[in-house]
Amino acid sequence: MTVGVGVESPARKGRPRDERIDEEITSAALEVLADGGFEGFSLEAVALRAGVAKTTVYRRFPTRDDLLVGALVRLNDDLPPPPAPGPVRQRLVEVLSGVRQRTPGSVGGRILMHAAAESGRQPGLADLVESRVLAPRRARLQSVIADGMSNGELRADLDLGKVIPVLVGPMLYLGMWSGTSAACDVSVEAVVDMVLGGLGSVR
């Protein structure tokens, strides 16, 4: 199976859709993805998990790609609002604390791990996850870092594409091993302070 990119749900006429059913279907789709990955994902499997007829799913999501998009955008439903203006350190700690809490064992974490493992076998999968899930999350960090660069708290010559993995990588590790004493002993603040030692503005 292949995954298309840039899929948009077609416009529909008639009675307004029941958003509750849409949410039930996309929630079931996320569970199917988390349990079985993208390779075996299908409208039929989602209909069975949601406890609705296949025609109910098809009316709302005519293709597998439509349903994938509808489900993936739900992964960012619980993203907290952007951090309020303030010192860059404070804002980084706030954003990265949220990253750490989204553990690999959660539904979203398992889906992203499946995506990483299966992207080579499914053309377009990496681009789809990148545009629908990762880009909105990365934009929050980019905004904080860009503000720090512009106000002199951070070096003005930073490469955002390299800085973000340096910040996010430790959070994923700490989230994955959250049950160990080694991870519990490392705070987000300590990681941010260590990284800022290299990113801070040269005065």
Side-chain angles (χ1 to χ4, degrees), residues 3-11 17 19 22-34 37-38 41 46 60-61 63-86 88-119 122-150 154 158-176 188 191-192 195 199:
V3 178
V5 180
V7 179
E8 300 292 344
S9 297
R17 291 197 327 204
E19 293 185 2
D22 285 8
E23 291 180 1
E24 291 176 356
I25 291 172
T26 51
S27 294
L30 291 176
E31 294 173 3
V32 170
L33 283 172
F38 291 78
F41 181 79
V46 172
R60 289 163 169 78
F61 305 97
T63 70
R64 178 179 183 268
D65 283 355
D66 289 327
L67 183 53
L68 268 177
V69 170
L72 287 175
V73 296
R74 292 282 312 279
L75 287 181
N76 288 333
D77 279 358
D78 59 349
L79 276 182
V88 69
R89 177 187 182 274
Q90 173 184 316
R91 299 174 73 199
L92 285 174
V93 168
E94 182 177 339
V95 174
L96 293 173
S97 295
V99 175
R100 180 175 182 172
Q101 292 166 7
R102 297 169 72 90
T103 63
S106 66
V107 168
R110 285 185 286 151
I111 289 173
L112 293 179
M113 292 183 73
H114 282 305
E118 299 176 32
S119 59
Q122 296 207 58
L125 177 55
D127 290 336
L128 181 61
V129 173
E130 162 65 26
S131 65
R132 303 291 177 161
V133 182
L134 301 181
R137 303 181 186 194
R138 189 171 56 249
R140 293 167 180 263
L141 265 179
Q142 287 176 329
S143 177
V144 172
I145 295 168
D147 287 347
M149 292 167 64
S150 64
L154 300 178
L158 295 179
D159 183 336
L160 289 177
K162 296 177 181 177
V163 171
I164 290 177
V166 170
L167 288 167
V168 173
M171 298 303 107
L172 299 180
Y173 171 84
L174 294 173
M176 180 179 295
V188 176
V191 173
V192 170
V195 175
L199 303 183

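In this structure, Arg89 CZ and Leu92 CG are separated by 9.5 Å, a value rounded to the nearest 0.5 Å. Atoms CG and CD, from Leu160 and Gln142 in turn, are 5.5 Å apart once rounded to the nearest 0.5 Å. The CD atom of Gln122 sits 11.5 Å away from the NE2 atom of His114 when rounded to the nearest 0.5 Å. Taking CZ of Arg91 as the start and CZ of Arg140 as the end, the distance is 11.5 Å to the nearest 0.5 Å.
Contact between Ala126 and Ser119 at its shortest, heavy atoms only, is CB-CB, 3.9 Å. Taking each heavy atom of Arg74 and Leu30 in turn, the nearest pair found is CB-CD1, 3.8 Å. Contact record, Phe38 with Glu118: N-OE1, 2.9 Å, taken as the closest heavy-atom pair.
By the 4.5 Å heavy-atom criterion applied to side chains, Thr26 and Val73 are not counted as neighbours. In this structure, the side chains of Ile111 and Val129 stay at 4.5 Å or more apart for every pair of heavy atoms. Phe61 places none of its side-chain heavy atoms less than 4.5 Å from the side chain of Val69. Counting only heavy atoms from C-beta outward, the side chains of Leu128 and Val133 never approach each other to under 4.5 Å. Within the 4.5 Å cutoff, no side-chain heavy atoms of Val191 are placed close to those of Leu96. Between Ile164 and Ile145 the shortest side-chain heavy-atom distance falls below 4.5 Å. In this structure, the side chains of Asp147 and Val144 stay at 4.5 Å or more apart for every pair of heavy atoms.
A distance-only check finds no donor-acceptor pair linking the side chain of Arg132 to the backbone of Ala71 [under 3.5 Å]. A distance-only check finds no donor-acceptor pair linking the side chain of Arg137 to the backbone of Val99 [under 3.5 Å]. Checked by atom type and distance alone, the side chain of Ser143 never pairs as donor or acceptor with a backbone atom of Ala139 at under 3.5 Å. The main-chain N or O of Phe41 is found under 3.5 Å from a side-chain atom of Arg64 such that the two form a donor-acceptor pair.
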Given Leu33 and Leu68, is the side chain to side chain contact (heavy atoms under 4.5 Å, CB included) satisfied, shown in steps? CA-CA 9 Å; Leu33 283 172; Leu68 268 177; 3.9 Å; yes
